[in-house]
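Working notes, beginning with the structure itself.
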Amino acid sequence: MGVEWLLVCHGLVTAVVVVSFLCGRWPIFEGTFIQRIHYFLTFGAYDYFLRFVGAVFGHKCTDAILSVEYYCCDRPNPLLQIIYIVIVGVTYYFIAISCFAYIPGYYLGGIHRYTSLLAVAIGILLFLLTSFTDPGTVNTENVSQYISAYPYDNIIYSEKECSTCKIPKPARSKHCSICDRCVARFDHHCGWMNNCIGEKNTRYFMAFLLWHFLICLYGTVAIGLVLAGRLRELRVVDILTVYYGIENSFLDLAPNVVQWLLGSYNTQILLMVFLAIVGMLLAGFFGYHAKLCITNTTTNETFKWQDHMEWQRKLKEAKVSAEALKQSIDGISSEKQHLSSKWRAFFRKSPLEDVVVVKNNVYDKGFFHNIQEVISPFSARWSFTQNKLKSR
């Protein structure tokens with residue numbers, strides 16, 4: 001049982017590290033050990049490493065590492081794209097050599113050898129479309145059309161000029177410091193795609209997330225059916241109950257079946273766990289971005305709205321506190337109050353609890369319109385082209 005428990009512990013630790021690294025900044029993990037692990041992985045460990053290198057090898061070596069960091073993190077580079085291709089290729093290779101020998105099997109037909117390859121090919125195609133499609137670069141030729149398509153709300157967007165591009169900055173756009181360009185309906189810069197996610201390629205990015213989640217789900221279920229077929233073909237349950245005298249119940253059989261699977265098909269189980277974990281992460285990412293699309297909000301705008309709402313809340317709380325203080329001073333200076341009114345004042349809730357800040361997103365025009373804006377971006381519509389011709 002030592003090897004089996006080692007594999008289980010390895011899987012749990014891997015899951016915690018992956019979830020902490022990718023999702024540690026989510027509000028649900030605020031104040032938890034997941035957030036602390038994320039901080040250590042993304043900042044603390046690297047900071048300690050730089051200090052160690054500086055103390056042992058000197059500042060020149062530290063400067064060299066910082067130069068590599070600048071290239072990898074602050075400038076466009078294909079590093080994560082290569083890693084994606086390697087992960088997909090290696091995973092599919094191990095699935096092929098460990099599972100294809102049992103296909104066709106008891107529960108799976110031979111067609112799955114080819115559908116799996118087709119699924120991976122479509123996933124890579126969506127990856128390439130997201131990576132190499134123009135996200136919606138704003139320039140002098142189309143800036144007027146984007147200003148017409150995305151009017152200023154004068155809440156989180158107001159008329160201004162991009163200090164880098166020296167052109168008017170349309171609402172919902174942002175100058176990406178990594179790509180060094182203004183992007184319409186900017187969502188975020190994705191290192192995996194080596195590209196910004198913006199007005200033109202959000203649809204491909206969403207399709208990429210959804211399809212890769214479905215691939216992981218498909219792979220997890222398919223490997224599970226392969227293992228279930230092996231259990232059935234080798235009559236493992238009959239052997240355990242008849243020859244080893246194990247009681248024919250789930251609680252008695254499950255530990256022994258799991259032990260047998262870990263001993264005989266550990267590669268397949270590790271692949272299934274890996275695909276399940278990645279699939280859950282992709283489901284979370286897709287769900288988050290689907291919510292943004294439904295409400296016609298971007299990741300960049302989420303942070304802008306958080307800052308605006310916090311500022312509005314503090315402003316309203318200050319006004320309410322000032323009003324409450326004024327009423328309190330008026331009450332003290334007035335004639336003696338009745339005892340019952342004092343008791344009511346004692347149990348009355350704080351006026352700050354009634355402070356409500358409403359988010360007024362003028363770009364949210366309803367479910368179907370919001371989805372249409374993602375599927376059919378403004379720059380791909382006939383009206384956008386006509387406005388461009390008129391502006392010339």
Side-chain angles (χ1 to χ4, degrees), residues 1-19 22-23 84 86-124 209-287:
M1 289 290 290
V3 177
E4 289 79 5
W5 279 109
L6 183 62
L7 290 171
V8 171
C9 292
H10 178 270
L12 291 175
V13 171
T14 302
V16 170
V17 171
V18 171
V19 171
L22 297 176
C23 312
Y84 162 81
V86 170
I87 290 174
V88 171
V90 170
T91 303
Y92 187 77
Y93 170 76
F94 278 108
I95 289 175
I97 64 173
S98 62
C99 298
F100 279 14
Y102 309 115
I103 298 175
Y106 193 88
Y107 294 108
L108 288 178
I111 188 66
H112 291 280
R113 286 170 171 258
Y114 310 104
T115 55
S116 61
L117 180 60
L118 177 63
V120 171
I122 294 174
I124 293 176
L209 291 178
L210 177 60
W211 188 257
H212 279 69
F213 161 68
L214 294 176
I215 290 177
C216 291
L217 180 63
Y218 171 46
T220 303
V221 174
I223 295 175
L225 291 176
V226 166
L227 296 178
R230 297 303 294 163
L231 286 173
R232 192 66 179 262
E233 291 165 357
L234 299 176
R235 305 178 65 87
V236 174
V237 174
D238 294 339
I239 293 173
L240 291 174
T241 54
V242 175
Y243 291 97
Y244 291 94
I246 297 174
E247 197 69 31
N248 191 6
S249 65
F250 177 80
L251 293 178
D252 291 324
L253 282 173
N256 293 278
V257 170
V258 170
Q259 182 180 356
W260 179 80
L261 287 173
L262 288 172
S264 304
Y265 300 98
N266 48 48
T267 301
Q268 291 86 341
I269 290 178
L270 286 175
L271 287 169
M272 188 168 63
V273 172
F274 172 74
L275 290 174
I277 293 172
V278 174
M280 287 188 291
L281 294 175
L282 288 169
F285 283 131
F286 176 77

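Excluded from the calculations below are hydrogen atoms, water molecules and symmetry mates; all remaining heavy atoms, backbone and side chain alike, are included.
Evaluation of the side chain to side chain contact (heavy atoms under 4.5 Å, CB included) rule for R113 yields F100, I103 as partners, not counting sequence neighbours. Remark: I246 engages L240, Y244, D252, L253, N256 in a side chain to side chain contact (heavy atoms under 4.5 Å, CB included) (not counting sequence neighbours). Listed by chain and residue number, nothing satisfies the ring pair (Phe, Tyr, Trp, His ring centres under 6.0 Å) test with Y106 (two or more places apart in sequence, or in another chain). Residues forming a side chain to side chain contact (heavy atoms under 4.5 Å, CB included) with Y265 (at least two apart in sequence, or on another chain): Y102, L227, R230, L234, W260, L261, Q268.
Between C99 atom SG and L225 atom CG the span is 11.0 Å, to the nearest 0.5 Å. Put simply, OG on S264 and CD1 on I269 are 9.0 Å apart, with the number rounded to the nearest 0.5 Å. Taken from CG in L271 to CZ in F274, the straight-line distance is 8.5 Å, to the nearest 0.5 Å.
Considering all non-hydrogen atoms of both residues, P104 and G110 come closest at CB-N, 3.5 Å.
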With a cut-off of 3.5 Å and sequence neighbours excluded, list every side-chain donor-acceptor pair involving residues 89-96.
{"residue": "T91", "atom": "OG1", "partner": "I87", "partner atom": "O", "Å": "2.7"}
{"residue": "Y92", "atom": "OH", "partner": "S116", "partner atom": "OG", "Å": "3.4"}

For residues 212-224, please give each side-chain donor-acceptor pair under 3.5 Å, one per line with the distance, not counting sequence neighbours.
{"residue": "H212", "atom": "ND1", "partner": "F208", "partner atom": "O", "Å": "2.9"}
{"residue": "H212", "atom": "NE2", "partner": "Y84", "partner atom": "OH", "Å": "2.7"}
{"residue": "Y218", "atom": "OH", "partner": "H112", "partner atom": "ND1", "Å": "2.8"}
{"residue": "Y218", "atom": "OH", "partner": "T115", "partner atom": "OG1", "Å": "2.7"}
{"residue": "T220", "atom": "OG1", "partner": "C216", "partner atom": "O", "Å": "2.7"}
{"residue": "T220", "atom": "OG1", "partner": "A276", "partner atom": "N", "Å": "3.4"}

